[in-house]
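Just so you know, ligand 1 is whichever comes first in the structure, and atom 1 is the first atom listed for that ligand. Remember, predicted model here, so these are calculated numbers, not experimental data.
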Amino acid sequence: MNLKKRLQSGDQLLGTLLSLPSPEIAEMMSQVGFDWLFIDLEHGPHGFMELQRMLQAMRSDCGALVRVPEVSESNIKKVLDIGAEGIIVPKVNSAEEAERIVSYAKYPTQGVRGVGAARAQGYGLSFQEYIEKANESTMVVIQIEHFEGVNQIHNILSVEGIDVVFIGPYDLSASLGLAGQVDHPQVREAIEKVEQACQEVSMPMGYFGTTPESVRPYQQKKGYQLITCGTDSGGLIAQAQGILKGLRG
Ligand code: 3PY
Ligand code: MG
């Protein structure tokens, strides 16, 4: 079952964030049991070629959602044509922007996605099959991570075709002048405003945290179906620091 079907059936999908352009890390992380991997082209140095190599290395029963560097028709088209199951779009602050995102992610007549034959379409071998199913099976995740997006949440939610509203607690806290204070009451209040709006229209939500302790409260809240915990670089650093601490005391 693909990620979108699992989301629609009510599953909670656990992932981790990959910030390094490494097919080997993608290969490993796709084998440890995560439902999906959050591949970050917004902050990571990855280009489209590295993304393709990462997706090729992953186990097929682990999904991939790719965060695009910014909203652009070509970014969204390429990421989907390379074979991501969906896109994550950072800092969406208006309904107009959300409409453009959905339009770039869907083939006509629902949207304006260009038609090509790349990896997602089996380089042409599964062209018709992919084209027929893509609008339904592609996941569109938008991030609310700025107070402006919080203020616009009702308008943004009126846009057809959004599958998940994903909170970015770090950017959201920064937009409030509280960078990194993800549990500050003002940040929580902003998140609760988004939660309430999403719950009213049964919109699934997502959350990112660096540790299981930081995501657990959200994991247990109603509606949070896309959970991202930890990063590849954070894991490597923690492991190395643990080794040194063990050896040096
Ligand atoms: C943030 O916290 O700003 C994020 O984008 C997490 O994915
Ligand atoms: Mg962010």
Closest D171 atom to the Mg ion (ligand 2) [N, O or S only] | OD2
Of H43, H146, K91, Q143, the one whose closest heavy atom lies nearest atom 4 (C) of ligand 1 is Q143
Got V89 and R67 here, is their nearest side-chain heavy-atom distance under 4.5 Å?
-> no
If we number the atoms of ligand 1 from 1 as shown, the ones under 4.0 Å from a heavy atom of Y170 are 1 (C), 2 (O), 3 (O)
By atom name, which N, O or S atom belonging to E145 lies closest to the Mg ion (ligand 2)?
-> OE1
Are any of the N or O atoms of F208 closer than 3.5 Å to those of ligand 1?
-> no
Take atom NZ of K106 as the centre, draw a 6.0 Å sphere, and report whether it contains more than 12 heavy atoms from other residues, nucleotides or ligands.
-> yes
Heavy-atom neighbours of E213 CD exceed 12 at 6.0 Å | yes
Please indicate whether any nitrogen or oxygen in E42 is less than 3.5 Å from any nitrogen or oxygen in ligand 1.
-> no
When you measure from atom 7 (O) of ligand 1 to every protein heavy atom, which one gives the shortest distance, and what is it?
-> R67 NH1, 3.3 Å
Atoms of ligand 1 under 4.0 Å from any heavy atom of D171, numbered from 1 in the order shown, are 1 (C), 2 (O), 3 (O)
Using a strict cut-off of 4.0 Å, indicate which atoms of ligand 1 neighbour a heavy atom of P169.
-> 1 (C), 2 (O)
Within 6.0 angstrom of K221 NZ, more than 12 heavy atoms from elsewhere = yes
Carboxylate-amine/guanidinium proximity below 4.0 Å for R113 and D81 = yes
Output for pair (F147 CZ, S173 OG), nearest 0.5 Å, gives 13.0 Å
Going by atom types alone, do D232 and S19 pair a side-chain donor with an acceptor below 3.5 Å?
-> yes
